[in-house]
Student: 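First the structure, which I've put down as structure tokens, then a few questions once you've had a look.
Per chain, numbering begins at 1; letters A, B, ... match sequence-line order.
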Amino acid sequence: MSDLDDLIGQSVPKIEARAKLTGTAVYTEDIYRPRMLHAALLGSPFAHARIVSYDATAALALPGVKAVLTAADVPAKLIGHTIRDEPILARDKVRYIGEPVAAVAAESLEIARQAIRLIDIEFEELPTVFDAEEALADGAPILHEDLEKYASVVESPCAGNMVAHIELETGNVDEVWNDCDVIVEGSFDIPAIQHVYMETCGALAEVDGTGKITIWSSTQQIFGTQMAVALALDLPMSKVRCIAPAVGGGFGAKFITIEPITAALALKTRRPVKLILPRDEDMISMRSRHAAKIRMKTGAMADGTLVARSTEVVLNGGAYSDFSPVVLEASMLLAAGPYRIPHVRNVGRAAYTNRLRAGAMRGFGVMQPTFAGESQIDEIAAQLGLDAIELRIKNAKQSGDMNMGSHHLPVCRIADCLKEIRAHPAFVEAEGDAGIPGKRRAIGISSIVQQSGLFSSSANVRLAEDGTLTVCTGYVDIGTGSDTALAQVAAATLGVELESINIVAPDTDGAAYDYGTSADRGAHGVSESVHRAALVVKEKITGLTAEILECSPLDVEVRPGGKVGLRGVPDVELSFADVAQRGLYVGGGPIIGQHAWYMQEQTIDPAATRALGFRMGGGVFYGFAATAVQIEVDELTGQIEVLQAWHAADVGRVLNPNGALGQIYGGVVQGISGALLEELVWDDGQVVNPTLMDYKISGSLDAPPNIHGILLENADPDSPWGARGMAEPCIIGVAPAVANALASATGVRIRSLPLSPEQVLTALIAHETE
Amino acid sequence: MTTGHLFTLNINGETVELSAPAGHTLLDVLRDQLFLTGSKRGCNQGVCGACTVLRDGVPTRACLSLAIDCSDFAITTIEGLAEPGETHPVQEAFAEVSAPQCGFCMSGMVLVAKALLDTNPHPSRDEIREALSGNLCRCTGYIKIIEAIELASEGIA
Amino acid sequence: MDYFCPQTLEEAFSLLANDPDARCLAGGATLMAMMNAELLSPTTLVSLRSIDALKGIVASSEGFRIGAMTRHHEVANYAALDGGFEVVRLAAGEIGHPAIRAVGTIGGSIAHADPAADYPTALVAADAEIELSNSAGQRRIAASDFFEDFFTTALQAGEIVTAVHLKSQPLMNVSAYTKIARCDGDFATASLAFCGSFDNRTCASARVAVGGCAATPIHVPAVDAMLVGSELGSETINDAAAALADACDPIDDVRGTADYRRLLVKRLLPPLLERACASRAG
């Protein structure tokens, strides 16, 4: 394995770094095509209304306008990740303010934006509902009257405004509350936030002479996009090609955005059409993270043993189902946290409301219950007079344990994560720092479990005649460093230099298949695909070499540096190029390796867990981590400053330490930003803060100057290399860690996010007067 | 529809003659006319910093600069930092620590870093954070960007 | 859209007179952002960048004249603005972020009159005078009279801000500025500015202004009067702070509620005074 060790676990510089640093990496908006048109979207002014009529005459008459589309101009098709409930342009009714109702393509962006103001649409307003629980109550205005008719993969009963209803239960919580020495109960409120990727959603579509559409898009999912465009426009997938150029961040939002509309405009005009959403339109009309209301009750014995946890989750899904059922499943699977709790009941509902759709966001349904659960662990520790870290270690899941549903956890080092943080020198120093009166300091901690892995992955590896290799997966590197990691895997498997690997840009015409960049799939499933495909190439090289050398394949050895030879005879050596050319021009054929697989999720074991409405799975494998923050609270203003942070990740095996650390730093800061600053604010259905002036995210002076990333390695037998992704746990535990630190520093426990200065000050003053 | 005004700009040491509507920003002109797409549009409000260019060596926002109003300045975009195919020491330092993730903020970050080191070759971590304070990044948490600048600073005598 | 870059004030006035919908382009930080957001579509832009009469900070025995086109970073780095004038320099340093401070101008900022901006609060506390000019001549108006309402000033048609005057006042020899915001670079949720003097720890003169808590900066002479003769740490200071908070007329918005803003004013005035008093020694 020594060749593998040369590259795996090394902080090799990212292969695309030079391009990104010189301004030469090409993102969607950077692409210009001859005779390209520019597009703009008209968003609905109403949160809920029937569309009575359209009049695009004035818009079409504007010189330079080449197309105006409404639902009347595209097939009556619905798309959606779980329930197909979503038209690409609002059809018959609008369900949220900002929902795309019409699209214009024109010679210039100015003309397109002028034209959308000239489109006249008559609406008939309908009653609205914005709150999830109100939406689920009797008599609420119904968003999807045809819910029962939609094609759906959701098993849980959907009716009215209920998108999903899922329950998971182990043991019997009702029987054991009385046995508990301490019970904490509380309601937690998590708002909707936005991903705020630096590159807004955008696409460029072009139709060629045969009628085939090519779409360049800032997407995390080229095959899903290809499928959605084909479905929406009633085309075979063979007529749709989706390419991901460089993508400026996604965080879960870029799973089918405005590609179908852009493709429709290109089809109509037969010219390339570029649609890039301005920031405010992106924030109003794309996706948010699910707002959640959580009621949680946790019971424990006096010695700190956790006995029971009961959790109710209500997710605000917005106007379309998107990933809501799967997000809810994740909440249900993991609300109990990484602990051995024998009695667990999780009840979840997701509702349609007249707000923009909530979809996948880094943390995927686990961030919300973790905020509640990790807050309650600290509350229990405080009530019992026990140390908060010790309490977690005492109850932590261990390798070989199971999660709900009897999901296997072959490797679980959550206790080690906590211990590593606790032993870190900066942590030890910070522990004794109580700050000064008026600016108190404290540390808060949380532990995290997240499920990872999803659906299918594949890889093609081809040997070129000069001995270099082409690796093609279709997986999109949205900034995670996956391209480099996959190149490392391929190079390590074949013992070649990293520079000889060509990672192909994601393109549905070239790639075999990949589900999409999400659920920490890259380090695990996609790298497995690459590794095994490379092994096939290795096998074929070996076989062809045996033919050339007229020996047994068992006597062939692959040597570092793209060489191959006869075992025990160092002078007998060929290059990969020699072997490749033999195959191409003499016999044997091109040397190509492929691997395709489905990441099998673990099912729910009915003997262990009662399940209602649970369908999709996930739970392929689980990742564990712990997060700690040191904060300073300004008691005059309520402002919280995070002075430093720690994150210990149980990653199995690290492919690229710098890459992993970069993910940790970024996830922690995104978590701090969400904990302290972020909230999409609505006024009667209108998002009032859809700009970066009004919706703030952490800048360099808001982020802590020091974040300590700790990578714990321990090969996971279920996954290749033993690697597991870690991009989500690093955001999940930050908010509860901050809330716990606040409670330690001031005695104030806050159960709603963000922990804004106002909320903190109000709570501090109330606490003072108690 | 678009009545063009004629003006010249000094971009990366070259004088460029342009015709554009008066209302076009420097960012519009750099990208759509000169195809210097390294400067990015992240918010069009001057908040995110992805459009950062140097105006006489000082980081400014191309999205808030009226193109026609910029004719007196020497403008440096990310493309002008080094010869094509080559890299500036600041870019090399960023690559070495693996600072770029999605990369969208990087043009701005690199130019701010260069401008900082040109005036303050050995900044403290706090001075670095202050210099970066108007440039947003959602991927990196800023740590590796700070490390890159510290590394680049070490290379300056 | 037409664009002009006059070399003199007279040319500028003439251009503005020709088109009532013309807008002046100063630093562009606000105007360009509004144009990009499709909130403004001027028919004519008159760039002020070449007019020498608008540039530079001039010191004299009377104080300072800050030309309207002086950039925020120039003011923020102008060391001679200390003592009673320091509040203006401190406020300039809090505006936005470095790239904004590199281009934004004092004239542009105050003409926009955003109540959450930094300059208005500081200029009212410093009792600054705003110089307005048009083709007919020049006039000066106290800062507190210049800011009339949300995004509304005393500027008449055809007038532009040409300078800000800070007068030397012997009774105003220390100052301080506090800005509370959700995060770095944000507009103020609330800001407080103080100009005055101390006799040991007793306030000898005071002028306090509050920003972000009403349509314009709040200045309450009665509160100033309460402070005069009060010792730092005494109840009178707290009473003055409470009175100041009561005089505010804040709104609820994404940066905070009205209640929170009043709380901030009440809590932050005493430490602001402490800071101003301590700055005298340095």
Student: Which one of B:Gly23, B:Ser133, B:Ser65, B:Ala131 has the most heavy-atom pairs closer than 4.5 Å to chain C?
Tutor: B:Ser133
Student: Answer yes or no: is there a donor N or O on one side and an acceptor on the other, between the side chain of C:Arg101 and the main chain of C:Ile95, under 3.5 Å?
Tutor: yes
Student: Run the numbers on C:Tyr177 and C:Thr121 for side chain to side chain contact (heavy atoms under 4.5 Å, CB included), then give the verdict.
Tutor: CA-CA 9 Å; C:Tyr177 182 70; C:Thr121 320; 4.3 Å; yes
Student: Under 4.5 Å from any heavy atom of chain C, what part of B:Asp72 do you find: side chain, backbone, both or neither?
Tutor: both
Student: Going by side-chain contact (heavy atoms from CB on, under 4.5 Å), C:Ser133 matches just one of C:Leu54, C:Val161, C:Thr162. Which one?
Tutor: C:Thr162
Student: At a heavy-atom separation under 4.5 Å, does C:Leu25 approach chain B through its side chain, its backbone, both, or neither?
Tutor: side chain
Student: Within the supplied structure, the quantity of interest is the number of heavy atoms (other residues, nucleotides, ligands) at a distance under 6.0 Å from C:Arg275 CZ; does it exceed 12?
Tutor: yes
Student: Can you name the one residue among B:Thr25, B:Leu27, B:Asp28 that meets side-chain contact (heavy atoms from CB on, under 4.5 Å) with C:Asn36?
Tutor: B:Thr25
Student: Between C:Leu31, C:Asp2, C:Thr30, which residue shows the highest count of heavy-atom pairs closer than 4.5 Å to chain B?
Tutor: C:Asp2
Student: Do any of residues 30-61 of chain B have a heavy atom less than 4.5 Å from a heavy atom of chain C, and if so, which, in residue order?
Tutor: B:Asn44, B:Gln45, B:Gly46, B:Val47, B:Arg55, B:Val58, B:Pro59, B:Thr60, B:Arg61
Student: Taking C:Ile160 as the fixed residue, which of C:Leu16, C:Leu132, C:Asn134, C:Val46 is the one that meets the side-chain contact (heavy atoms from CB on, under 4.5 Å) rule?
Tutor: C:Leu16
Student: Using a 6.0 Å cut-off, check whether atom CZ of C:Phe187 has over 12 heavy atoms from anything other than its own residue.
Tutor: no
Student: Would you confirm whether B:His88, through its side chain, and B:Val90, through its main-chain N or O, come within 3.5 Å as a donor-acceptor pair?
Tutor: yes
